[in-house]
Amino acid sequence: MTISGVALLAICTLIGVFLGDLLGVALGVKANVGGVGIAMILLIAARLWLGARGLMSHGLKLGVEFWGALYIPIVVAMAAQQNVVAAAEGGPVVVIAAVGALLLCFGMVAILSRLGGTNETMDEIEARSATAREAARVAAGDPA
């Protein structure tokens with residue numbers, strides 16, 4: 001059934017690339033625009049649709065998860081390489097835009113982390129859980 005997962009991934013990829021090419025033509029760009037993103041959205045939607053209807057077998061689920069996990073890092077690496085080449089050819093405006101986007105992301109992470117309040121660390125959660133287990137054991141009369 002892993003083959004079914006690969007087939008679903010292939011179908012979503014082909015449809016995504018086709019739609020990305022159409023979007024590129026519609027925008028007047030001689031490139032695939034968002035085909036990989038469309039393919040991943042289709043894969044997620046297909047997986048949710050199949051799961052909601054009880055058609056997602058264990059093998060299909062494993063196949064989709066396995067290939068989806070491999071697919072994303074490979075495509076991101078390919079896209080990153082293309083973006084670096086385009087940025088190098090684009091001149092200083094592209095570099096300024098990239099640095100600005102990076103600083104904006106860093107700033108938003110800082111703001112969101114401050115707005116989120118304090119969070120417990122994993123050590124604090126484990127310590128609280130151990131204390132609760134110990135209290136439940138003592139309350140149950142277990143001397144050990």
Side-chain angles (χ1 to χ4, degrees), residues 1-137 139-140 142:
M1 279 301 199
T2 304
I3 299 298
S4 301
V6 176
L8 183 61
L9 176 67
I11 291 167
C12 290
T13 301
L14 290 173
I15 293 171
V17 168
F18 177 72
L19 292 175
D21 286 339
L22 285 179
L23 186 58
V25 169
L27 295 173
V29 178
K30 294 180 182 178
N32 183 306
V33 178
V36 173
I38 294 169
M40 291 312 296
I41 290 170
L42 288 173
L43 182 62
I44 292 167
R47 185 170 168 234
L48 291 173
W49 186 84
L50 289 170
R53 284 158 183 72
L55 301 173
M56 181 72 90
S57 68
H58 182 67
L60 179 61
K61 181 181 177 199
L62 289 177
V64 169
E65 288 175 356
F66 175 76
W67 288 108
L70 283 178
Y71 186 69
I72 293 171
I74 291 169
V75 170
V76 168
M78 289 170 33
Q81 181 183 9
Q82 289 177 348
N83 290 342
V84 169
V85 171
E89 294 173 353
V93 173
V94 176
V95 175
I96 292 169
V99 170
L102 180 70
L103 293 175
L104 180 66
C105 287
F106 282 161
M108 289 306 297
V109 167
I111 290 169
L112 290 174
S113 66
R114 284 194 174 84
L115 290 177
T118 59
N119 294 326
E120 288 182 298
T121 65
M122 196 62 193
D123 291 336
E124 293 169 337
I125 293 170
E126 289 172 353
R128 188 184 66 228
S129 178
T131 303
R133 279 193 306 268
E134 181 68 21
R137 186 182 58 78
D142 186 9

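Treat the numbers as computed from the prediction; the structure is a model and nothing was measured.
With Val99 as the partner, the side-chain contact (heavy atoms from CB on, under 4.5 Å) test is satisfied by one option alone out of Leu102, Leu103, Ile96: Leu103.
Between the CE atom in Met40 and the CG atom in Leu9 there is a gap of 7.0 Å [rounded to 0.5 Å]. With values rounded to the nearest 0.5 angstrom, Asp123 atom CG is found 12.5 Å from Arg128 atom CZ. The distance from atom CD of Glu134 to atom OG1 of Thr131, rounded to the nearest 0.5 Å, is 8.5 Å. Here Leu42 contributes atom CG and Leu14 contributes atom CG; the two are 11.0 Å apart, rounded to the nearest 0.5 Å. We find the CD1-CD1 distance between Ile41 and Ile15 to be 13.5 Å, quoted to the nearest 0.5 Å. Distance check, rounded to the nearest 0.5 Å: SG of Cys12 to CD1 of Ile44 gives 10.0 Å.
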For Arg114 and Ile111, what are the C-alpha separation, side-chain angles and deciding distance, and is it a side chain to side chain contact (heavy atoms under 4.5 Å, CB included)? CA-CA 5 Å; Arg114 284 194 174 84; Ile111 290 169; 6.0 Å; no
Pair Trp49-Leu55, side chain to side chain contact (heavy atoms under 4.5 Å, CB included): steps then yes or no: CA-CA 9 Å; Trp49 186 84; Leu55 301 173; 4.3 Å; yes
From CA spacing to verdict: side chain to side chain contact (heavy atoms under 4.5 Å, CB included), Leu8, Leu50: CA-CA 11 Å; Leu8 183 61; Leu50 289 170; 4.0 Å; yes
Given Leu23 and Leu19, is the side chain to side chain contact (heavy atoms under 4.5 Å, CB included) satisfied, shown in steps? CA-CA 6 Å; Leu23 186 58; Leu19 292 175; over 6 Å; no
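A donor-acceptor contact shorter than 3.5 Å is absent between the side chain of Ser129 and the backbone of Ile125.
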